[in-house]
*Asks:* 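Mind having a look at this structure? Questions to follow.
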Amino acid sequence: MIETLQNAIPSRFDQLKLAPATLHNLEQLGYTQMTPIQTASLPMTLAGQDLIAQASTGSGKTAAFGLPLIERLQTAGSPSAAIQALILCPTRELADQVTQEIRRLARARPNVKVVTLCGGVALRGQTVGLAHGADVVVGTPGRILDHLERGSLSLAGVNTLVLDEADRMLDMGFFDDIAKVVRQCAKDRQTLLFSATYPDGIAKLAAQFMRTPQTVKVQAQHSAHKIRQVFYEVTENQRLVAVSKLLAHFRPERTLAFCNTKQQCRDLVAVLQAQGYSALALFGELEQRERDQVLVQFANRSCSVLVATDVASRGLDVEGLEAVINVDVTPDPEIHIHRIGRTGRGDAEGLALTLASVDEMGAVGKIEVMQGRESSWEPLSGLTSAEGAPLQPPMRTLQIVGGRKEKIRAGDVMGALAGECGLTREQVGKINVNEFSTYVAVQAALAPKVESQLLHGKIKGKSVKARLL
Ligand code: ADP
Ligand code: MG
């Protein structure tokens with residue numbers, strides 16, 4: 001059912017028809033080998049072919065569609081030049097991730113303007129931004145439609161249209177919005193559809209909007225030897241407490257815990273926080289700002305346990321997780337494969353722990369069939385009970401008021417932390433500059449002092465407001 005194109009050739013970027021400056025940039029980014037989905041799709045996407053590509057999160061899909069659209073850009077530098085590429089994404093943070101990756105991939109090409117259009121930000125500012133010219137637009141279907149209806153956006157010059165995370169956009173009920181947006185794009189265009197799974201709606205999208213698309217699928221690469229999977233039988237009463245037993249026993253630095261419902265997420269976070277774990281919940285109904293803060297804190301190592309629903313976590317690029325815990329067994333074995341694929345990337349062995357009640361044994365059976373092997377079970381009683389305090393995250397996050405709108409850059413923040421607080425690069429973690437806020441991770445022990453020092457500090461000549469999250 002799933003083809004593996006792992007060994008398809010070529011696997012080096014320099015075997016593709018890419019501009020020398022692009023190849024040089026890829027080398028500088030540390031992209032030496034193509035990922036499997038890139039190997040499978042780039043020869044076709046660079047040749048202008050319509051394509052449906054299915055691969056799991058973190059497999060490098062952005063470059064698979066980003067490189068061909070960048071290669072095709074005409075940057076005359078005229079501010080009124082038409083938008084040449086449109087990338088539709090399900091959520092703002094995914095659109096932000098894609099925008100950042102496209103900017104990195106396009107660094108070798110001067111003056112490429114990439115504009116993000118998503119909700120949660122005033123329309124008027126975006127309209128002004130568009131008036132200054134854009135080559136590539138990345139956005140959510142709803143907001144793009146708003147701009148089309150107001151006449152502040154024209155897609156007549158779009159020669160590459162990308163539907164990224166198409167399954168998730170369909171989950172979120174965007175089919176009609178997507179259809180309306182696509183009808184406004186130039187007829188003579190390349191259409192690329194990327195998805196982690198392949199629900200029915202995808203075929204419908206393809207039939208309506210793509211021209212004889214090719215299909216490539218790359219199986220999630222994690223296999224038995226890269227991920228250690230252990231199952232534990234629990235009763236409903238034991239389930240949440242069992243999670244903290246697993247954390248105390250394995251002491252993973254970062255864990256993604258999946259629940260089937262948002263209520264379960266809330267309940268588990270309450271249990272873990274009460275026991276002194278740094279745990280945060282991620283589910284569909286959070287406000288955008290809350291979501292941003294949760295994601296930033298998990299990614300920058302200020303939070304040890306992220307408790308999430310499948311929909312909320314899909315498509316997020318969190319790498320190098322020590323452990324995934326399936327708090328509930330998912331009824332869909334393909335989702336199980338995606339969940340556990342979040343751990344054990346690169347050379348590190350991952351740990352996937354699943355709690356299953358008697359009622360869930362049917363779902364476990366489906367997972368065994370899908371994986372082609374029996375699961376290995378251990379008793380909860382075999383876990384060593386917690387000695388000492390829960391493992392604390394190494395970093396804490398400071399939120400600084402002001403972001404891209406204030407033209408703050410990561411370098412400015414590092415400059416202030418070095419200048420005002422005497423911090424070295426090693427004491428500072430990830431710096432995320434969002435639209436209106438900047439988040440910076442600093443070593444946990446130093447964080448309170450940095451917060452008070454920053455009260456008197458300046459960034460770009462302006463006093464700053466900073467607080468610990
Ligand atoms: P996906 O969209 O499939 O979830 P992304 O496009 O976001 O995956 O890529 C995941 C991560 O892998 C990103 O950090 C990206 O910079 C990195 N990446 C992509 N392609 C390569 C490559 N060929 N070599 C090294 N890193 C890569
Ligand atoms: Mg992606």
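Just so it is clear, the values below take in all heavy atoms, side chains as well, and ignore hydrogens, waters and symmetry mates. Here, residue 1 is the first one in the sequence, and each next residue gets the next number. These numbers come from a predicted model, not from an experiment. Each ligand, and each atom within it, is numbered from 1 in the order the structure gives.
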*Asks:* With respect to Gly30, determine whether any N or O atom, backbone or side chain, lies less than 3.5 Å from an N or O atom of ligand 1.
*Replies:*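 Between Gly30 and ligand 1 (N or O atoms, distance only) the closest approach is not under 3.5 Å.
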
*Asks:* Glu165 versus ligand 1: do any nitrogen or oxygen atoms come within less than 3.5 Å of each other?
*Replies:*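 Not met; the criterion fails.
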
*Asks:* With heavy atoms only and a cut-off of under 4.0 Å, state how Phe13 meets ligand 1: side chain, backbone, both or neither.
*Replies:*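 Side chain only; the backbone of Phe13 stays clear of ligand 1.
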
*Asks:* Are there more than 12 heavy atoms of other residues, nucleotides or ligands under 6.0 Å from atom CZ of Arg107?
*Replies:*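 Above 12, so yes.
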
*Asks:* What part of Gln33, side chain, backbone, both or neither, has a heavy atom within less than 4.0 angstrom of ligand 1?
*Replies:*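 It is the backbone that gets close, since no side chain atom is under 4.0 Å.
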
*Asks:* Look only at interatomic distance and state if Thr32 has a nitrogen or oxygen under 3.5 Å from any nitrogen or oxygen of ligand 1.
*Replies:*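 The answer is no, given that Thr32 and ligand 1 share no N or O pair closer than 3.5 Å.
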
*Asks:* Check if Ser59 has a non-hydrogen atom at a distance under 4.0 Å from any atom of ligand 1.
*Replies:*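 Ser59: in contact with ligand 1 (<4.0 Å).
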
*Asks:* Between Arg339 and Asn326, is any side-chain donor less than 3.5 angstrom from a side-chain acceptor?
*Replies:*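 On atom types as modelled, these side chains qualify, holding a pair under 3.5 Å.
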
*Asks:* Side chains of Arg150 and Thr127: is there a donor and an acceptor less than 3.5 Å apart?
*Replies:*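 Thr127 and Arg150 do not have a side-chain donor-acceptor pair below 3.5 Å.
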
*Asks:* So for atom CZ, which belongs to Arg211, do other residues, nucleotides or ligands contribute more than 12 heavy atoms lying within a distance under 6.0 Å?
*Replies:*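 Yes - once you tally the heavy atoms of other residues, nucleotides and ligands closer than 6.0 Å, there are more than 12.
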
*Asks:* Do we see a donor-acceptor contact under 3.5 Å between the side chains of Asp332 and Thr330?
*Replies:*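 Side chains of Asp332 and Thr330: no pair found under 3.5 Å.
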
*Asks:* Could you tell me, atom by atom, which parts of ligand 1 come under 4.0 Å of a heavy atom of Arg104?
*Replies:*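 What qualifies from ligand 1 is 16 (O).
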
*Asks:* Counting from 1, what ligand 1 atoms have a heavy atom of Thr62 closer than 4.0 Å?
*Replies:*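 Within the 4.0 Å cut-off of Thr62, ligand 1 contributes 2 (O), 5 (P), 6 (O), 7 (O).
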
*Asks:* Look at the aromatic rings of Phe231 and His336 and report parallel, tilted or perpendicular, splitting at 30° and 60°.
*Replies:*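 Aromatic pair Phe231/His336 classed parallel.
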
